[in-house]
Amino acid sequence: MTKEEAVEKLEEIATLLDLRGENPFKSRAYRTAARALDSLSEDFDTFVREGKLEGVKGIGEGIRAKLQELVATGHLSYLEELKGSFPAGVVAFLDIPGLGPKKAKILWEKLGIRDLAGLESACRSHRVGKLPGFGSKTEENILSGIEQRRSYAAYHRYGDLIGLAEQLVEELRAHPEVVRVSMGGSFRRGKEIVRDLDLVCSSPKPAAVMEGFVSATGVRRVVNHGETKSSVVLEGGLACDLRVVPDEDYPYALLHFTGSKEHNIALRQRAIAQGKKLSEWGLFREARIRFSEGSEDAAAQEKESGERIRCRDEAEIYENLGLAYIPPELRENLGEIEAAESNQIPRLLEWTDLRGTFHCHTTASDGHSTLVAMAEAAQALGLEYLGIADHSKSSFQANGLDEERVACQQEEIRKLNGTFRGFRLLSGTECDILRDGRLDFSDSLLASLDYVVASVHAGFSTSEEEMTRRIIRAMENPYVTMLGHPTGRLLLMRKPYPVNLEKIIDCAAETGTWIELNAQPLRLDLDWRWWHAARDKGVRCVINPDAHHTRELGFVRIGVNIARKGWLRREDVINTLTLKLVERALRNKRGGGG
DNA sequence: GCCGTTTTCGGCCCGACTGTTTTCAGTCG
């Protein structure tokens, strides 16, 4: 029994208790216990067996007994009993925005609806709107929620697929008949949302490689199984294609299957203009009709298919088209071909360029790891500094810190800093931007901190003008160092709030306020599409993990991928600066300089 | 279900918004 499994079971109990309409404080107790458990660093199984649960705050007698049962037997009878009182499909109602436990319970009890399909038809036949507390608007909202959920099921978040993608590539690489292998498609291009995974590999014995691929663990269904191309559906519903080619064809196939389609079209047009032809099978000198010498006989005409220009890798294909190598992240036909033509492709940011990061949470607010644990994890990652930015007091739901607790944390950080060598914690805050654009703390408190992340966490349903004004007002405060997750989007879950990003970017350039590239896989906010233009206006990017757990510090790597996609170089990103330089930058920001 | 200079009961985080009502319940962050 792993800690993660136990945490999941406790959270499941909490959800089911909510659905059953039990005392809300009871379900909260289970969630608190799940959180307490999650932040334990010891081996869970041993920890429970050795009776060490006693004394863990948030886990009392009752939950302790259940965890002991779980470790001893692998089962939790209480959870089984709860599960038995509801159709499993009812739990999915809670994923529909606007439906909580109370309404889900009513839908099941009064109308006997057991799953989303039943819910949909009940809304269409207007049976839902007749229930007390429900109306026609609710029906509409439920239907659009179901529709949204359905369309999103075909998409996956980039950050959620990295581990799986790396595993697939490694498994293929380990196959004795595989020569070269790479991920292709939109995943390789670092798109924040992907539909499926495309793998490309080379081998002298494609059939053997294919056999291994379709019978690999984790394959739920084989859609196509051919000599050179196969498609499978993996556990979890993700579609995955594999293309196997002879090694001499590999660079062309990889280029082709990496895309984007728009990039490929532009490359092909360029090839044609140069008297060449580019396809997934090769780059050819123009095919032409050659007349046999001395003969005008049509039968003597010899058709030549064109000679393939031998390229050992993608870089050589670009070279033969008169282009500098274009990294996959830039292949969107958004100016990269023109840049490559004049040798203006930038040296993109690398993950090893990062020296530190800001915007991390601890157990003081809604994080799951302590301040000390976060500091240790950051040092293990080789960072020189780590900024702590717990929530401010208005974020009640996230246990935001008030002035007094901020002061305590500052003191704690000050003491800890005395114990480090070559590493420093920076004390900050993720300060709420209030509805009128004021900040959640006074200027004097903000001034006492090393830096301030200003973010919007509430009041999303407002006009674009209002939201833009609100954020700009916050950014005009000289103590605001950076703007956190500028659009508030949650990929595949919540749309961005309405905001005029051009004005926000202009304001950032004027005030010298940094803009965050929030590297939480759910957010990846600000979107990569804005960064090239923001950079050209002189806006500095700061890549933050928004980590709520030590293991989430690694999110910065995903942030680096997105930054690359936004054409960012080392010099565009603040947290590539050394501690000494970043401290100077923080002071300069307050001095009004950029 | 947890917790305790309020200690074995009674509180447990708060406010805005939406859609439903005609004063408020449910949901969300």
Side-chain angles (χ1 to χ4, degrees), chain A residues 9-37 53-69 76 78-79 82 93-107 109-110 123 128-145 361 364-366 390-402 405 430-436 440 455-463 466-467 470 484-485 487-490 493-497 520 522-523 546 548:
Chain A
K9 293 204 187 297
L10 292 182
E11 278 167 354
E12 210 177 340
I13 290 178
T15 303
L16 292 167
L17 287 173
D18 281 339
L19 272 175
R20 226 159 65 162
E22 302 246 356
N23 180 352
F25 296 110
K26 192 167 165 178
S27 59
R28 182 185 298 174
Y30 276 94
R31 289 203 173 87
T32 308
R35 234 182 83 170
L37 200 58
L53 275 178
E54 200 153 354
V56 177
K57 199 169 178 300
I59 300 177
E61 211 176 321
I63 295 181
R64 191 162 63 234
K66 292 187 174 73
L67 289 173
Q68 279 158 351
E69 181 197 341
L76 226 176
Y78 183 54
L79 175 60
L82 281 170
F93 295 180
L94 302 177
D95 292 339
I96 309 292
L99 283 189
K102 301 264 171 60
K103 287 191 167 165
K105 184 168 185 253
I106 292 172
L107 289 166
E109 285 184 346
K110 303 276 181 198
C123 284
V128 170
K130 294 195 180 73
L131 288 169
F134 291 74
S136 59
K137 189 73 189 170
T138 313
E139 277 179 347
E140 275 173 41
N141 288 343
I142 291 175
L143 284 173
S144 74
H361 298 269
S365 65
D366 61 348
D390 273 311
H391 288 284
S392 62
K393 60 188 179 194
S394 285
S395 281
F396 305 107
Q397 81 287 347
N399 189 26
L401 279 62
D402 60 14
R405 293 176 63 212
E430 183 178 19
C431 188
D432 272 336
I433 299 175
L434 304 178
R435 277 152 215 273
D436 56 3
D440 203 15
S455 309
V456 170
H457 287 116
F460 289 6
S461 47
T462 176
S463 68
E466 192 59 44
M467 184 62 94
R470 176 178 168 189
H485 45 71
T487 75
R489 75 174 181 189
L490 298 178
M493 285 171 69
R494 186 175 74 198
K495 287 191 183 347
Y497 42 67
Q520 261 276 346
L522 264 174
R523 295 189 182 270
D546 201 350
H548 287 69

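Per chain, numbering begins at 1; letters A, B, ... match sequence-line order. What you see is a predicted model, and the numbers here were worked out from it, not measured in a lab.
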Whichever of A:Gly98 and A:Leu17 has its nearest DNA chain B nucleotide further upstream toward 5': A:Leu17
Nearest-nucleotide comparison on DNA chain B, the residue closer to the 5′ end among A:Arg435 and A:Thr138: A:Arg435
Between [N] atom [atom2] and [X] atom [atom1], what is the distance in whole Å?
{"X": "A:His391", "N": "B:dC14", "atom1": "NE2", "atom2": "P", "value": "18 Å"}
{"X": "A:Gln520", "N": "B:dG29", "atom1": "CD", "atom2": "P", "value": "14 Å"}
{"X": "A:Leu79", "N": "B:dG1", "atom1": "CG", "atom2": "C1'", "value": "16 Å"}
{"X": "A:Leu434", "N": "B:dG15", "atom1": "CG", "atom2": "P", "value": "13 Å"}
{"X": "A:Leu131", "N": "B:dG26", "atom1": "CG", "atom2": "C1'", "value": "14 Å"}
{"X": "A:Phe396", "N": "B:dC17", "atom1": "CZ", "atom2": "P", "value": "13 Å"}
{"X": "A:Asp440", "N": "B:dA16", "atom1": "CG", "atom2": "P", "value": "13 Å"}
{"X": "A:Lys393", "N": "B:dC14", "atom1": "NZ", "atom2": "P", "value": "15 Å"}

Counting any heavy atom closer than 4.0 Å, what does [X] reach on the DNA or RNA strands: base, sugar-phosphate only, or nothing?
{"X": "A:Ser136", "answer": "sugar-phosphate"}
{"X": "A:Pro24", "answer": "nothing"}
{"X": "A:Pro132", "answer": "nothing"}
{"X": "A:Phe460", "answer": "nothing"}
{"X": "A:Arg494", "answer": "sugar-phosphate"}

Where the side chain of [X] is defined as all heavy atoms beyond and including C-beta, which of [options] is the nearest nucleotide?
{"X": "A:Lys102", "options": "B:dC2, B:dC12, B:dG26", "result": "B:dG26"}
{"X": "A:Ser461", "options": "B:dG1, B:dC17, B:dT20", "result": "B:dC17"}
{"X": "A:Gln397", "options": "B:dG1, B:dG29, B:dT27", "result": "B:dG29"}

Lys/Arg cation over aromatic A:Phe93: A:Lys103, 6.0 Å, 45° cone: no
Residues forming a side chain to side chain contact (heavy atoms under 4.5 Å, CB included) with [X], sequence neighbours excluded:
{"X": "A:Lys66", "value": "A:Tyr30, A:Leu76, A:Tyr78"}
{"X": "A:Leu143", "value": "A:Glu120, A:Cys123, A:Arg124"}
{"X": "A:Arg494", "value": "A:Phe460, A:Leu490, A:Arg523"}
{"X": "A:Glu140", "value": "A:Lys137"}

Considering all heavy atoms, the nearest A:Val456-A:Met467 contact: CG1-CE, 4.0 Å
Nearest heavy atoms of A:Ser27 and A:Asp18, plus distance in Å: OG-OD1, 2.7 Å
In whole Å, measure the gap between the [atom1] atoms of [N] and [M] for me.
{"N": "B:dT7", "M": "B:dC2", "atom1": "C1'", "value": "13 Å"}
{"N": "B:dT23", "M": "B:dC17", "atom1": "C1'", "value": "16 Å"}
{"N": "B:dG1", "M": "B:dT5", "atom1": "P", "value": "23 Å"}
{"N": "B:dT20", "M": "B:dG26", "atom1": "C1'", "value": "10 Å"}
{"N": "B:dT27", "M": "B:dT21", "atom1": "P", "value": "15 Å"}
{"N": "B:dC12", "M": "B:dT6", "atom1": "C1'", "value": "13 Å"}

Watson-Crick/G-U partner (both atom distances under 3.5 Å) of B:dT8: none
Ring pair (Phe, Tyr, Trp, His ring centres under 6.0 Å) against A:His548, all qualifying residues, sequence neighbours excluded: A:His361
Just to confirm, is there a sub-4.0 Å distance from OP1 or OP2 of [N] to any side-chain nitrogen or oxygen of [X]?
{"X": "A:Ser394", "N": "B:dG15", "answer": "no"}
{"X": "A:Asn141", "N": "B:dG19", "answer": "yes"}
{"X": "A:Lys103", "N": "B:dG26", "answer": "no"}

Atom pair OG (A:Ser395) and CG (A:Asp390), whose distance is rounded to the nearest 0.5 Å: 11.0 Å
Grab the N/O contacts between the protein and nucleotides 3-5 of chain B below 3.5 Å, and write none if there aren't any.
residue	atom	partner	partner atom	Å
B:dC3	OP1	A:Gly58	N	2.5

